[in-house]
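Read the structure below first, then the notes.
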Amino acid sequence: MEYMINVGRQLMDLSEPKVMGILNVTPDSFHAASRAETKQAVQERALELAAQGATIIDIGACSTRPGADFASEAEETERLRMALRVVRHAMPEAVLSVDTFRPTVAAMAVKEFGVDIINDVSGGNAEMFRLVSRLQVPYVLTSTKATVRDILLDFAEKVQQLRFLGQNDILLDPGFGFGKTLEQNYEILYNMEKLQVMELPLLVGLSRKSMIWKTLDITPAEALNGTTALNTIALMKGASVLRVHDVRESVECVKLVAATMPQHIVQE
């Protein structure tokens, strides 16, 4: 489906899926290669993501992996300020997303650094909805519900709240790994095309998740091939954005899936 979102002062066309590269300013995110805790490491990681083809760089400063101890608001803010300052200096035109569930942190990122997208894995709340609607930045709404039916009901209610507040640009994340069993994650992926009834772009974060490495009995470090396999399925079922640790491989995945679409196939 064709989607456009307002990013900064320009429109981003999501009719061809985009890749969002992960940059974690944390010591405890589950995939070590995505972590960058010094200014030099942040700059190197951001430049690497862009060079490999990331359209969006998603910066997180508070790990939300299962079992993680949340950083304090002050610690998350300090980490993000450092990272955003570095990335904005090195790449002033980059499209930046901030991965946070705290409205005050989101407000800082947008007001001080012109962050383009707020990626909220918490499922949202009234305070966050009012904030993004007032700032008019694209908002990633994540569902922690465990079935496609409940996800749709959750999205319908919250999208209505956001629309009432005047929020224009909304992306929907089914929330793989959040509030779901391994089996439920796969059932949602199998039925993911049903979420297109919302007529909003789908953002999918499957990269190196436990649903991959637990199923294959491997480690997150070994889960790239499994990630590519599931990303391919997600694209075939309507994903507009892939949120990933491994950008180059995901960009290739997008191109190959696009090559199978009817408009790219010459009839003999």
Side-chain angles (χ1 to χ4, degrees), residues 1 3-8 11-14 17-24 34 49 54-65 76 80 84 94-103 105-110 113-145 151-152 154-163 165-180 188 192 195-196 198-207 209 231 234-235 238-245 250:
M1 298 180 71
Y3 299 110
M4 304 285 284
I5 60 170
N6 290 284
V7 178
L11 287 174
M12 179 180 290
D13 183 0
L14 298 180
K18 301 296 186 285
V19 174
M20 171 187 277
I22 299 169
L23 194 168
N24 286 317
S34 69
L49 293 172
T55 302
I56 307 163
I57 296 175
D58 188 48
I59 304 176
C62 176
S63 178
T64 52
R65 64 177 175 81
E76 183 186 9
L80 266 180
L84 290 168
V95 177
L96 301 184
S97 167
V98 160
D99 178 359
T100 186
F101 57 88
R102 291 177 169 129
V105 174
M108 177 278 296
V110 175
F113 298 96
V115 161
D116 304 284
I117 299 169
I118 297 301
N119 179 17
D120 177 8
V121 301
S122 73
N125 57 51
E127 185 180 357
M128 182 68 89
F129 291 174
R130 288 193 297 269
L131 173 73
V132 295
S133 301
R134 185 170 69 252
L135 297 177
Q136 280 299 298
V137 290
Y139 177 63
V140 181
L141 173 64
T142 303
S143 181
T144 59
K145 302 300 182 182
I151 289 171
L152 281 170
D154 187 37
F155 281 156
E157 178 184 356
K158 290 174 180 176
V159 168
Q160 184 178 35
Q161 293 173 20
L162 286 160
R163 292 299 195 207
L165 291 167
Q167 176 65 12
N168 294 317
D169 297 300
I170 305 167
L171 298 91
L172 303 178
D173 181 348
F176 291 103
F178 291 94
K180 302 161 180 68
I188 291 163
M192 200 180 80
L195 300 180
Q196 293 188 58
M198 296 297 302
E199 298 185 347
L200 288 169
L202 300 178
L203 182 149
V204 173
L206 291 159
S207 186
K209 290 274 178 82
N231 277 342
L235 289 167
S240 293
V241 180
L242 297 178
R243 181 181 181 273
V244 301
H245 301 93
S250 301

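Sequence positions, counted from 1, serve as the residue numbers for this chain.
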Do [X] and [Y] come close enough that some side-chain heavy atom pair is under 4.5 Å?
X	Y	value
Arg163	Ile170	yes
Val204	Met192	yes
Leu172	Met198	yes
Leu171	Leu141	no
Phe155	Gln160	no
Leu200	Val159	yes
Leu96	Ile117	no

### Query
Which residue pairs pass the salt bridge (Lys or Arg N to Asp or Glu O under 4.0 Å) test when at least one of the two sits in residues 118-133, sequence neighbours left out?
none
### Those residues that, when tested against Thr55, pass side-chain contact (heavy atoms from CB on, under 4.5 Å) (two or more places apart)
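Residues passing side-chain contact (heavy atoms from CB on, under 4.5 Å) with Thr55: Met12, Lys18.
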### Query
side-chain contact (heavy atoms from CB on, under 4.5 Å) with Asn168: which residues, sequence neighbours excluded?
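Partners of Asn168 by the side-chain contact (heavy atoms from CB on, under 4.5 Å) criterion, ordered by chain and then number, come out as Gln136.
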### Query
Going through the distances and angles, do Asn24 and Ser63 end up as a side-chain contact (heavy atoms from CB on, under 4.5 Å)?
CA-CA 8 Å; Asn24 286 317; Ser63 178; over 6 Å; no
Mind checking side chain to side chain donor-acceptor pair (under 3.5 Å) for [X] and listing every partner two or more places apart, or none if nothing turns up?
X	answer
Ser97	Asp58
Thr142	none
Asp169	Asn6

#### Entry: Short side-chain to backbone donor-acceptor contact, Gln167 and Val137, under 3.5 Å
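A pair under 3.5 Å: yes.
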First locate atom [atom1] of [X], then atom [atom2] of [Y], and finally report the distance between them rounded to the nearest 0.5 Å.
X	Y	atom1	atom2	result
Ile151	Ile188	CD1	CD1	3.5 Å
Ile118	Leu135	CD1	CG	8.0 Å
Lys158	Tyr139	NZ	OH	7.5 Å
Asp99	Asn119	CG	CG	4.5 Å
Asp173	Leu195	CG	CG	10.0 Å
Arg243	Leu203	CZ	CG	8.0 Å

Nearest heavy atoms of [X] and [Y], plus distance in Å:
X	Y	value
Arg102	Cys62	NH1-SG, 4.1 Å
Asp116	Ala94	OD2-O, 3.6 Å
Gly124	Phe129	CA-CE2, 3.7 Å
Lys145	Ser143	N-OG, 3.2 Å
Ala106	Leu131	CB-CD2, 3.7 Å
Ser250	Asn231	OG-ND2, 3.9 Å

#### Entry: Residue from Leu14, Val140, Leu202 passing side-chain contact (heavy atoms from CB on, under 4.5 Å) with Val241
Leu14
### Task
Carefully, step by step, assess Leu84 and Ile59 under the rule side-chain contact (heavy atoms from CB on, under 4.5 Å).
CA-CA 8 Å; Leu84 290 168; Ile59 304 176; 3.8 Å; yes
#### Entry: Neighbour count above 12 (heavy atom, 6.0 Å) for Lys180 NZ
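Enclosed.
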